[in-house]
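Before any comments, here is the structure.
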Amino acid sequence: MSLEVLISSVMKYNQDLADITMIRKAYQMADKFHAGQKRKSGEPYIIHPLAVAGILAELEADANTIVGALLHDTLEDTALTKDELAREFSPYIAMLVDGVTKIDKMNFSSTDEEVASNTRKLLCGIIEDIRIILIKLADRLHNMRTLQFKSPEKQVKISSETMDTFVPIANLLGLQTIKNELEDLCLKFLDPEMYYQLDKKVTKIEADVNDDLYLMLSKIHALLVDNGIPNEIKIRVKSVYGIYKKMQRGNKLNEIHDLLSLKITVDEIMQCYMTFGLIHSVYHPVPEKFKDFIYNPKTNLYRGLHTTVFGEGDRLVQNQIRTPEMARTASLGVAAYWQDPNVVMNDVLRSRLQFFDPLVAINQSANDDQRFLADVRQEILGDKIYVYTPRGDIIQLPAGATAVDFAYKIHTEIGQTITSAIVNGRLVPKNTVLHNHDIVRILTHELEFGPDEDCASQCKTATARNLVLALCAKNAS
Ligand code: MN
């Protein structure tokens with residue numbers, strides 16, 4: 001990576017001259033202030049901020065983020081000050097770099113309290129400004145890529161904290177490419193023997209299945225073209241860590257239903273469903289392995305249709321059917337949404353990311369970091385259920401959620417006046433725990449006192465719990 005490589009990588013998606021000039025200036029500033037410093041590898045230090053900016057350029061980051069990345073270690077490691085950054089660039093850039101520096105100063109270790117406190121700081125960074133977290137993730141990715149230069153103890157320590165703290169956040173933000181690479185790198189340092197053994201297996205699988213998958217790819221491609229659906233298809237074999245995780249759960253290699261995938265891109269949503277039907281007309285589907293993430297997107301924005309079929313040579317092959325926009329979000333996650341400088345990233349996040357409001361609510365209500373992490377693990381990272389309104393709208397809730405959680409998720413007013421619920425046609429008390437695919441109608445009465453403290457303690461969402469407790473306090477006074 002050199003400055004010119006970075007510039008040409010940025011210019012693929014951003015030709016604004018003022019932006020490019022600012023990026024060059026940031027590079028010169030970082031180069032000047034890091035002069036004489038070396039990485040553990042012996043290379044000049046500037047290689048690192050350049051590489052971090054390069055990773056973000058691949059995500060098509062905006063100029064502020066690229067500039068922040070180039071300068072991200074200057075406050076901590078050089079004589080440059082926050083005031084100078086604000087003067088030379090902008091108060092916003094100074095804030096970004098300062099934000100990254102604060103995270104750097106966190107004392108990472110694996111005691112429970114420290115993991116909790118660090119995760120809280122990182123996650124609250126998402127609420128503050130998502131760019132800080134993205135720079136930090138890119139920084140961590142480059143450090144993981146160059147981890148071989150550190151001592152074996154440091155390798156294990158850094159890999160475990162990456163696994164504990166950074167991988168879940170990359171996943172939450174839908175940064176699939178970064179998440180997969182981080183996971184593979186962690187496994188490589190935490191269990192090298194396992195990593196190299198699986199890596200060899202993946203290479204062998206790729207060679208073995210090549211002919212069958214290409215035959216299937218070309219058959220499907222032709223079938224779609226015959227039916228007037230232009231398409232592009234790519235082959236993907238599951239990541240080393242992905243396979244490792246499934247095998248840890250007791251799966252055998254040939255039982256992993258998404259070990260092999262065809263990534264099919266078509267122009268429109270309607271064509272996604274037509275493609276799905278056409279594939280099933282030729283290849284037998286595996287029962288229960290069809291998922292509609294278009295109607296029901298994942299928390300991290302992911303959308304697409306998945307169906308696993310018995311492909312050529314009776315190999316299980318998962319088909320992932322998406323539009324170009326869905327495909328972009330699948331690999332970039334939130335980073336797919338920042339190219340428009342007029343769009344305030346946090347507004348996009350607030351409206352699109354289902355975990356954004358819950359995160360704010362958990363942060364407001366959790367007095368200590370352990371509680372915060374426990375709530376995040378339960379409500380945001382934990383298992384989900386999907387339940388329906390009587391109109392068929394889908395509502396996502398943490399597993400174990402009650403009708404009260406559901407009511408507040410629909411509307412605060414409905415939560416405050418809930419009396420009971422009708423679940424799958426049967427009248428039930430408001431504290432009833434909901435299950436996947438329940439159809440739920442909330443009954444309300446404006447003269448009711450609403451949910452009580454007992455309800456609050458059974459709520460699984462922080463939003464509902466906070467509002468119920470506030471209501472109880474109001475009713476008591
Ligand atoms: Mn760094």
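Order of appearance sets the numbers: ligands from 1, and atoms from 1 within every ligand. Source: prediction; values computed, not measured.
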Salt bridge flag under 4.0 Å for residues E60 and K12:
no
Identify whether NZ of Lys or CZ of Arg in K298 sits under 6.0 Å from the centre of the six-membered ring of Y302 and within 45° of that ring's axis.
yes
Any Lys/Arg nitrogen of D139 or K136 sitting under 4.0 Å from an Asp/Glu carboxylate oxygen of the other?
yes
With the Mn ion (ligand 1) as the point of reference, which N/O/S atom of D139 is the closest?
OD1
The Mn ion (ligand 1) as vertex, arms to OD2 of D73 and NE2 of H48: angle to 10°?
90°
Do any N/O/S atoms of H72 come under 2.8 Å of the Mn ion (ligand 1)?
yes
Strictly below 4.0 Å, N to O, side chains only: are K246 and E255 in salt-bridge contact?
no
